[in-house]
Colleague: 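My questions will all concern the structure given below.
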Amino acid sequence: MSSLRDNVLRAGRFDVLEAGKGHLDGASCVKEGGHNSFRVSIAPPTKHTAATIERETQAQRRVDAVLSQAPAPHHPRESAVLKRIVITGGPCGGKTTALPIIANRLRSNGWQVFTVPENATIFSNAGAGFPVHSHKEHQLAWETSRMICQMQMEDCFAAIAQASGKPTIILCDRGVIDARAYMDAETWEKLLRHMGWRETELRDRRYDMILHMVTTAVGARQHYVNTVYRHETPDQAAELDDKVKDAWIGHSSRCIFDNSTGFEDKVNKLVRFIARA
């Protein structure tokens with residue numbers, strides 16, 4: 001049976017995989033230009049592999065040479081102010097509804113704002129939703145792939161922001177650490193171990209600010225509703241909310257927004273908190 005890493009590698013190249021190594025689980029890996037990225041071939045090496053690798057490497061060098069002559073951005077990358085902010089919380093906390101409102105408020109204050117949508121919803125809309133009734137290895141491969149996709153999207157938006165030279169805020173509908181709330185501790189540790197990730201780096205170094213919108217199941221249960229993507233009972237939603245909060249404990253800039261006020265005031269508090277940071 002293929003290992004989890006084999007299944008993930010079949011999807012292509014990922015910057016997060018084994019930077020600096022040239023061989024992995026019987027697969028031949030060729031280093032490509034920039035960001036310690038690798039082109040991965042799952043098939044076992046053959047007598048023709050060395051020649052093929054050399055031809056591909058030479059072709060890649062020619063591409064890199066062309067790209068190196070491209071004009072530099074008008075603004076130096078270092079001049080761009082960039083903040084990555086996570087909007088998180090339990091089910092029906094108002095994250096997805098609040099995201100465009102917060103983005104528009106920040107844009108009116110002069111920020112360039114990019115929004116990273118919730119990747120689980122993207123996967124579901126594409127027909128690749130979480131395999132609820134499948135085996136654990138399938139589920140773990142799904143979660144790992146989703147996290148990789150999210151990090152790639154966040155990093156691509158960050159590169160665009162830096163190239164623009166404009167002060168930018170990237171608003172993320174959930175952060176990668178949210179995944180920890182949806183699996184047991186053993187599965188989470190297995191995922192980190194297989195991918196070579198460190199929890200502290202994913203939690204503390206990727207994001208500048210964590211804003212937790214408490215589920216309406218806590219303090220405003222009359223407003224809790226289910227959708228095609230939300231099947232949790234209010235009690236389950238409250239339990240998930242606590243798990244998400246626990247997952248982010250340790251981040252240096254974290255704030256929790258409860259339901260002691262109406263939704264509009266809840267959003268206003270988030271905007272004010274960002275503005276003060």
Side-chain angles (χ1 to χ4, degrees), residues 1-19 21 23-27 29 38 40-44 86 88-93 95 116-154 172-204 206 215 217 226-250:
M1 180 181 292
S2 298
S3 68
L4 167 65
R5 184 174 291 177
D6 288 336
N7 292 333
V8 174
L9 282 173
R10 293 182 193 280
R13 56 176 276 191
F14 301 108
D15 291 345
V16 295
L17 294 176
E18 296 294 335
K21 293 189 177 180
H23 191 271
L24 176 65
D25 290 349
C29 305
F38 290 81
V40 180
S41 174
I42 297 301
V86 172
T88 187
C92 198
K95 301 179 298 297
V116 179
E118 187 176 26
N119 279 66
T121 302
I122 294 175
F123 278 35
S124 294
N125 287 340
F130 182 73
V132 178
H133 303 295
S134 189
H135 52 84
K136 281 193 173 183
E137 194 73 11
H138 184 190
Q139 294 176 348
L140 191 57
W142 183 94
E143 191 62 68
T144 306
S145 298
R146 188 203 62 75
M147 291 174 68
I148 290 170
C149 180
Q150 178 170 349
M151 287 190 281
Q152 292 281 11
M153 184 176 290
E154 292 170 0
C172 305
D173 190 339
R174 295 196 178 279
V176 290
I177 285 294
D178 279 46
R180 179 184 168 191
Y182 290 82
M183 62 185 75
D184 57 59
E186 181 181 354
T187 303
W188 175 247
E189 290 300 326
K190 181 179 180 181
L191 186 156
L192 295 177
R193 186 171 60 254
H194 271 279
M195 298 308 298
W197 293 338
R198 293 182 180 179
E199 181 173 336
T200 52
E201 291 182 356
L202 295 179
R203 183 190 66 213
D204 303 335
R206 285 194 65 83
T215 174
N226 290 114
T227 69
V228 66
Y229 301 115
R230 184 188 306 130
H231 307 286
E232 297 88 357
T233 66
D235 288 341
Q236 290 171 334
E239 182 180 357
L240 272 174
D241 195 272
D242 286 339
K243 289 181 177 179
V244 173
K245 276 190 287 192
D246 290 345
W248 290 102
I249 289 176

Colleague: I'd like to know if the side chain of Asn226 reaches the main chain of Glu232, judged simply by a donor and an acceptor atom lying under 3.5 Å from each other, with no hydrogens or angles considered.
Modeller: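 The answer is yes, because a donor-acceptor pair under 3.5 Å joins these two groups.
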Colleague: Under a 3.5 Å threshold, yes or no: a donor from one side chain and an acceptor from the other, between Glu154 and Gln150?
Modeller: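 Present: a donor and an acceptor within the cut-off.
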Colleague: Using modelled atom types and a 3.5 Å cut-off, is there a donor and acceptor pairing between side-chain atoms of Asn119 and backbone atoms of Ile122?
Modeller: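 No, because the side chain of Asn119 does not come within donor-acceptor range (under 3.5 Å) of the backbone of Ile122.
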Colleague: Distance from Arg146 atom CZ to Asp178 atom CG, nearest 0.5 Å?
Modeller: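 Atom-to-atom, Arg146:CZ and Asp178:CG are 8.0 Å apart.
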Colleague: Return the set of residues passing ring pair (Phe, Tyr, Trp, His ring centres under 6.0 Å) with Phe130 (not counting sequence neighbours), or none when no residue passes.
Modeller: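 With neighbours one apart ignored, the set is Trp142.
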Colleague: Report the distance from atom CG of Leu191 to atom CZ of Arg180, rounding to the nearest 0.5 Å.
Modeller: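 The CG atom of Leu191 sits 12.5 Å away from the CZ atom of Arg180.
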Colleague: With the side chain counted from C-beta on, respond yes when Trp188 and Leu192 share a heavy-atom pair under 4.5 Å apart, and no when they do not.
Modeller: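 Trp188 vs Leu192: side chains touch.
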Colleague: Using the test salt bridge (Lys or Arg N to Asp or Glu O under 4.0 Å), find all partners of Glu201 that sit at least two apart in sequence or belong to another chain.
Modeller: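 Salt bridge (Lys or Arg N to Asp or Glu O under 4.0 Å) list for Glu201, sorted by chain: Arg205.
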Colleague: Could you state the interatomic distance from CH2 (Trp197) to CD1 (Ile148), rounded to the nearest 0.5 Å?
Modeller: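 Here the interatomic distance stands at 4.5 Å.
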Colleague: Is there a side-chain contact between Pro91 and His231 in this structure, where contact means two heavy atoms from C-beta onward sitting under 4.5 Å apart?
Modeller: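 Pro91 does not reach His231 side chain to side chain.
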Colleague: Backbone N or O of Ala238 within a donor-acceptor pair of the Thr215 side chain at under 3.5 Å?
Modeller: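 Not a single qualifying donor-acceptor pair exists.
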Colleague: Looking only at non-hydrogen atoms, find the nearest pair between Ala247 and Glu199 and report the distance.
Modeller: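 Reported closest heavy-atom pair: O-OE2, 4.5 Å.
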Colleague: Given 3.5 Å as the limit, does a donor-acceptor pair link the side chain of Ser145 with the main chain of Ala141, or not?
Modeller: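 At least one qualifying donor-acceptor pair exists.
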Colleague: Going by salt bridge (Lys or Arg N to Asp or Glu O under 4.0 Å), name the residues that satisfy it together with Lys243, two or more places apart in sequence or in a different chain.
Modeller: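 Scan of Lys243 (salt bridge (Lys or Arg N to Asp or Glu O under 4.0 Å), adjacent residues dropped) gives Glu239.
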Colleague: Quick test of your reading: applying salt bridge (Lys or Arg N to Asp or Glu O under 4.0 Å), list the pairs with at least one residue in residues 117-128, sequence neighbours left out, ordered by first then second residue.
Modeller: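 Checked against salt bridge (Lys or Arg N to Asp or Glu O under 4.0 Å) - neighbours excluded - the pairs reaching residues 117-128 are Glu118-Arg174.
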Colleague: Are the side chain of Asp241 and the backbone of Gly90 linked by a donor-acceptor contact shorter than 3.5 Å?
Modeller: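 Yes, the answer is positive, given that a donor and an acceptor are paired below the 3.5 Å cut-off.
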Colleague: What residues form a ring pair (Phe, Tyr, Trp, His ring centres under 6.0 Å) with Trp248, not counting sequence neighbours?
Modeller: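 Here the qualifying residues are Tyr207.
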Colleague: Enumerate the residue pairs fulfilling salt bridge (Lys or Arg N to Asp or Glu O under 4.0 Å) with a member in residues 126-135, sequence neighbours excluded, ordered by first and then second residue.
Modeller: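 Qualifying pairs: none.
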Colleague: If I take atom CG from residue Asp173 and atom OG1 from residue Thr88, how far apart are they, to the nearest 0.5 angstrom?
Modeller: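 Going from the CG atom of Asp173 to the OG1 atom of Thr88 covers 8.5 Å.
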Colleague: Check whether any side-chain heavy atom of Ile177 sits under 4.5 Å from a side-chain heavy atom of Val86, and report yes or no.
Modeller: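 When only atoms from C-beta onward are counted, Val86 and Ile177 do not touch, as no gap falls below 4.5 Å.
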Colleague: For Pro234 and Ala217, which heavy atoms make the closest approach, and how far apart are they?
Modeller: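 Minimum heavy-atom separation between Pro234 and Ala217: O-CB, 3.3 Å.
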Colleague: Check whether any side-chain N or O of Glu143 sits under 3.5 Å from a backbone N or O of Ala179 as a donor-acceptor pair, and report yes or no.
Modeller: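 Such a contact is absent between Glu143 side chain and Ala179 backbone.
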Colleague: Charged N to carboxylate O under 4.0 angstrom, Lys190 versus Glu137?
Modeller: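 Result for this pair is yes, salt bridge flagged.
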Colleague: Taking atom CZ of Arg198 and atom CZ of Arg203, what is their separation to the nearest 0.5 Å?
Modeller: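 If we round to the nearest 0.5 Å, Arg198:CZ and Arg203:CZ are 13.0 Å apart.
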Colleague: Please give me the minimum heavy-atom distance between Gln139 and Ser134, naming the atom from each residue.
Modeller: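 So the minimum-distance heavy-atom pair works out to NE2-O, 3.4 Å.
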Colleague: Hey, could you give me the CE/CE distance between Met147 and Met195, rounded to the nearest 0.5 Å?
Modeller: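 Separation between the atoms: 9.0 Å.
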